[in-house]
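The structure appears below as C-alpha cells.
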Amino acid sequence: MTPINKSALWKKRLGDWVLNPYVGCEHGCKHCYCPAMPGVKFSNHGRTQEEWGAYLYPKDNLVASLREQLRNFTPDKANVTRWGDGWLLMSFLTDCYTPAEAKLGLTRECLKLILEAGHKVRLQTRSPLIERDFDILRAHRDQVLVGTSLPYLSDKLARVLEPRAPSPKRRLRMLEKAVDEGLEVYVAIAPFMPFHDRKEVDKVHEVIRPLQPREVFCEVLNPKGKNIEMMRSALKATYPAHYVRLNNYTLEYWAKFTFKVLNYGVKEVNRFIPWPDTQQLWRKHLQAAQVKFLESYLPEELRTV
Ligand code: SF4
C-alpha cells in the first residue's frame with residue numbers, strides 16, 4: 001500500500017487523501033473508534049480494541065515509499081472532490097503526534113516532503129508535539145491547516161476518557177501558539193458527548209473565539225465496536241451520572257441525539273457532521289422531516305430526500 005491513500009473523509013469535508021505514519025495511537029482515548037475500523041484491524045497484528053493505546057507500529061519504509069510516490073502524485077492529481085478540496089489529512093486512524101513521534105520523527109519527515117511537493121495538509125492532533133514542527137509549517141503557511149479536538153474543556157474529565165492525551169487546556173495553548181505563528185487553525189468539537197448539552201458548545205466556542213478559527217465543526221459520539229463499553233467502565237467510579245447516561249447508547253440513541261444537537265442551531269459552529277459513514281443506518285430511526293434536515297449537512301451525492 002502507498003503512504004498516501006484516497007479517503008472517504010471528503011464526506012466530512014476533511015480531505016480527499018490521508019497519510020497515517022503509525023498503526024495505533026498511544027493516547028488511548030476510550031471513545032476512539034479507530035481500533036474498530038478495518039484499516040486498523042487489518043494491520044494491528046490481532047490486537048484487541050481494549051489494547052488500544054498500548055501498542056504502536058510505525059509504518060515500514062514509510063519515508064522512502066513516500067518519496068517514491070510523490071514523484072507522480074502531484075497537487076494537480078490531489079484535488080478530487082468539491083468537499084474534500086484536495087486536502088491531505090494527517091492523520092485519521094492515529095494521531096500523527098503520538099508521543100513516540102518525538103523520537104521517531106516520521107511525521108516530521110513526511111510533512112517536509114509533502115509540503116515541499118506543494119500539497120495542502122490538514123493536521124489533526126491532540127498533541128503540542130506539533131509545535132516542534134512549526135518551523136516547517138511556518139515556511140508553508142498557505143498550505144497548512146492546524147486543528148485539534150476540544151469536545152469539552154474539563155481537564156479532569158479528559159484525564160478519565162483520554163488517559164494519555166495532553167489536556168484540553170494544553171491543546172488550546174497549542175492553537176494559540178499556532179495562531180501566533182501565523183497559521184490558520186480549526187477546532188473539532190468532537191466527539192460531542194451525550195452527557196453534555198448546548199452550554200458545552202457555547203463554552204468551547206467562547207474560549208476559541210479569539211483565535212478566529214477557519215472552521216469549527218461538531219460531530220456527535222459514534223458508537224463503534226466496544227468504545228461505549230470502554231467509556232462506561234472508565235467513567236463508573238468518578239462520573240457515575242455520565243456512566244448512566246451512556247447506558248444503551250445505541251445507533252437509535254445516536255441518531256436522535258445528533259438531530260437534537262443539530263437543532264441547537266449554534267451559529268458559531270459552521271459545520272456539523274452527521275456521521276456520513278457507509279450504510280447510514282441512522283435514517284431508519286428518524287422521521288422523514290428529520291432525515292431531510294440532517295441530510296442537508298451531507299454532500300449532495302449522499303442525500304436521498
Ligand atoms: S488521539 Fe485521536 S486517534 Fe488517538 S486515541 Fe485519541 S481519538 Fe483516537
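Please read all numbers here as calculations on a predicted model, not as lab measurements. Counting convention: from 1, in listed order, for ligands and their atoms alike.
Using cut-offs of 30° and 60° on the angle between ring planes, the pair Phe217 and Tyr186 is parallel.
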Only distances under 3.5 Å count here; give the side-chain donor-acceptor pairs of residues 109-119 to other protein atoms, sequence neighbours excluded, each with its distance to 0.1 Å.
from   : atom 1 : to    : atom 2 : distance (Å)
His119 : NE2    : Phe73 : O      : 2.9

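Any protein N/O/S atom under 2.8 Å from atom 8 (Fe) of ligand 1 was counted, giving 1 altogether.
When only modelled atom types and interatomic distance are considered, Asp16 and Thr81 share a side-chain donor-acceptor pair under 3.5 Å. Asn44 and Tyr55 share a side-chain donor-acceptor pair at under 3.5 Å. With hydrogens and angles left out, the side-chain atoms of Glu68 and Thr2 include no donor and acceptor closer than 3.5 Å.
Near Arg126, with a cut-off below 4.0 Å to any heavy atom, the atoms of ligand 1 are 1 (S), 2 (Fe), 7 (S).
The residues Glu229 and Arg232 are annotated as not salt-bridged, no charged nitrogen and carboxylate oxygen being separated by less than 4.0 angstrom.
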